[in-house]
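Shown next, in structure tokens, is the structure this report addresses.
Every value quoted in this text rests on a predicted model; they were computed, and no experiment measured them.
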Number of protein chains: 2
Amino acid sequence: MARTVKGPDARRERWKGHREQRRAEFVEATIAAVAKKGPDVGMEDVAAEAGVSKPVLYRHFTDKSDLYLAVGQRATELLMERMSPALATDGPIKDRIRRIVDAYLSVVEDNPNLYRFVVKGSFVDRPVEKDVVQEDKNLIANTLARILGDYLRAFDMDSGGAEPWAHALVGMVQNAGDWWLDRQTMSRENLSDYLATIIWHAIDGLLRSAGVQADPAKPLTPLRLVD
Amino acid sequence: MARTVKGPDARRERWKGHREQRRAEFVEATIAAVAKKGPDVGMEDVAAEAGVSKPVLYRHFTDKSDLYLAVGQRATELLMERMSPALATDGPIKDRIRRIVDAYLSVVEDNPNLYRFVVKGSFVDRPVEKDVVQEDKNLIANTLARILGDYLRAFDMDSGGAEPWAHALVGMVQNAGDWWLDRQTMSRENLSDYLATIIWHAIDGLLRSAGVQADPAKPLTPLRLVD
DNA sequence: AAGTAACCGTTACCTCAAGTAACACTTACC
DNA sequence: GGTAAGTGTTACTTGAGGTAACGGTTACTT
């Protein structure tokens, strides 16, 4: 009796890492399939791309939306990887905004099909409950909200707007990105500039209204954006 | 010869108006069904709500997405009905922005299921080609772009940013609205204020950078927004 | 060494909603 | 009376998501 009571049977633990690796493998396969066959791939296609048949997929993902959620999270990782250097770099504030926006747009530009797949081709089943995109947008927006809130508080301003503003900024960049992706009527650089300009003006306006004079060419002082 | 040569058989014309009326009727039925059964209704549900069986629906709409598109357009009409008074009112510029934003949010607030249905539950089939939401957002954004462009040109500024800025603004308000709809953690009035503030600051900043001093309490002079 | 708990994988099926076929009746123009 | 539009029905096909049932492999447990 001694061991059986407590010992959770090593056979269960043995695969822990492996399962995650497998999931990741299927997520990659999905991304590859999307890149090949466009954003409307089905489970069959994904399975084929992974060199496997459907039921195998369903051993690792409960659902289509479960898989899509995982893909969305992976995409968020890719996005963050590309954006975090831009977030971490100190420098002139406006330039920094431009770089962050541009990092986002560069990801969109490099993975148009994946982008469309994640942003548009999801939540087919679960209508409200588990929304892949909203999840990830919230993640980004919450990060932004924290940063904004800290800034506002540091300047002794009302920080109640931080959250809506964060979501507003996210939506703004995303929607402009969507538009740009569909009909690429201007260079990425130009779009980044325009968006950075409008964001900068919004921030500058907020600071002005609190009597703070900010120089677009200098870093904002009271906090560092990423620590 | 007068009639027979050209006359395209009055039987074809007889129904022109009727067909449109019927389409509208089904669109209303869809909206009612959505209000009752949530945003994930199927064609069967819609047909039932209209007191009809599926094939009838398919005589008037080629497709599910065709129906959804029509619903989206109807929703846009409802939205515009509510927004246009706010757009047409002259008055202090910042206040006006607030009213426009608030009008949008009020529609979202009053028809949450319809809103979710239109914004989220679409484009299930046609992946890229006929995107209902994008269509309607573009309509709004283009209107905005025209207005912005006119303003910018009136102030002798670079109007190249008008289009991206318009899409940015639309996305901003929409995303903030989505967030608010999901977890209503602040009053509509507060959200409208916060959004109007950020938009005002962005516009004000643009004008300042061109050397124009605008007073948030006064109407912008060179053009009227709606004519 | 035998048992078994976890994985590997397959083919063949079920289910459900979108969309279609085929058929019958009504109205009013020609 | 013929016919081109519409009204409507029930019963089917199709396709994609998801499942059942089966068999093989590995390596921990007893």
Side-chain angles (χ1 to χ4, degrees), chain A residues 1-26 29-30 33 37-69 121-127 130, chain B residues 1-26 29-30 33 37-69 121-127 130:
Chain A
M1 284 279 135
R3 207 188 344 69
T4 43
V5 172
K6 183 65 196 353
D9 194 340
R11 274 172 294 189
R12 205 177 317 156
E13 299 303 310
R14 186 166 53 123
W15 300 97
K16 276 287 158 63
H18 186 244
R19 281 190 62 84
E20 292 194 8
Q21 194 183 344
R22 210 78 215 288
R23 267 179 77 101
E25 186 186 324
F26 288 129
T30 307
K37 314 191 63 174
D40 54 347
V41 287
M43 295 302 265
E44 196 90 48
D45 303 285
V46 172
E49 176 68 34
V52 151
S53 63
K54 265 195 299 175
V56 177
L57 226 49
Y58 282 97
R59 292 234 184 77
H60 295 272
F61 301 91
T62 68
D63 230 54
K64 191 167 128 155
S65 62
D66 187 25
L67 172 60
Y68 286 8
L69 179 67
S122 332
F123 42 70
V124 177
D125 314 293
R126 321 277 167 195
K130 281 232 157 185
Chain B
M1 43 126 111
R3 210 199 328 86
T4 43
V5 174
K6 184 67 203 340
D9 193 341
R11 274 173 295 189
R12 206 177 316 155
E13 300 302 310
R14 187 167 52 124
W15 300 97
K16 276 286 158 63
H18 185 244
R19 282 189 61 85
E20 293 195 6
Q21 195 183 346
R22 210 78 216 289
R23 267 180 75 101
E25 186 186 323
F26 288 130
T30 308
K37 313 192 63 175
D40 54 347
V41 288
M43 296 302 263
E44 194 89 47
D45 302 286
V46 173
E49 176 68 34
V52 151
S53 63
K54 264 195 299 174
V56 178
L57 227 49
Y58 283 98
R59 290 234 184 75
H60 295 272
F61 301 91
T62 68
D63 230 58
K64 192 167 127 155
S65 63
D66 188 25
L67 172 60
Y68 286 8
L69 178 67
S122 331
F123 42 70
V124 178
D125 315 293
R126 322 277 169 197
K130 280 232 158 187

E20(A): side chain to side chain donor-acceptor pair (under 3.5 Å) partners, not counting sequence neighbours: none
Using a strict heavy-atom distance below 4.0 Å, which residues from residues 50-60 of chain B are in contact with DNA chain D? V52(B), S53(B), P55(B), V56(B), R59(B), H60(B)
When you measure from every atom of DNA chain D, which of residues 41-49 of chain B have a heavy atom less than 4.0 Å away? none
Partner nucleotide, any strand, of dT30(D) [Watson-Crick/G-U, under 3.5 Å]: dA1(C)
Kindly give the heavy-atom pair with the smallest separation between [X] and [Y], and that separation in Å.
{"X": "L57(B)", "Y": "F26(B)", "result": "CD1-CD2, 3.5 Å"}
{"X": "A47(A)", "Y": "K54(A)", "result": "CB-N, 3.8 Å"}
{"X": "H60(A)", "Y": "R23(A)", "result": "O-NH1, 2.9 Å"}
{"X": "V41(A)", "Y": "A33(A)", "result": "CG1-O, 3.6 Å"}

Once you round it to whole Å, what is the distance between [atom2] of [N] and [atom1] of [X]?
{"X": "Q21(A)", "N": "dC8(C)", "atom1": "CD", "atom2": "P", "result": "11 Å"}
{"X": "L67(B)", "N": "dG19(C)", "atom1": "CG", "atom2": "C1'", "result": "13 Å"}
{"X": "D66(B)", "N": "dG19(C)", "atom1": "CG", "atom2": "C1'", "result": "13 Å"}
{"X": "R23(B)", "N": "dT7(D)", "atom1": "CZ", "atom2": "C1'", "result": "18 Å"}
{"X": "F61(A)", "N": "dC7(C)", "atom1": "CZ", "atom2": "C1'", "result": "16 Å"}
{"X": "D40(A)", "N": "dG15(D)", "atom1": "CG", "atom2": "P", "result": "15 Å"}
{"X": "K64(B)", "N": "dT20(C)", "atom1": "NZ", "atom2": "P", "result": "14 Å"}

Measuring to OP1 and OP2 of dT7(D), would you say a side-chain N or O of R22(B) lies under 4.0 angstrom away? yes
With rounding to the nearest 0.5 Å, note down the distance linking OH in Y68(A) to CG in D63(A). 10.5 Å
Nearest 0.5 Å please: distance from the CZ atom of R22(B) over to the CZ atom of F61(B). 10.0 Å
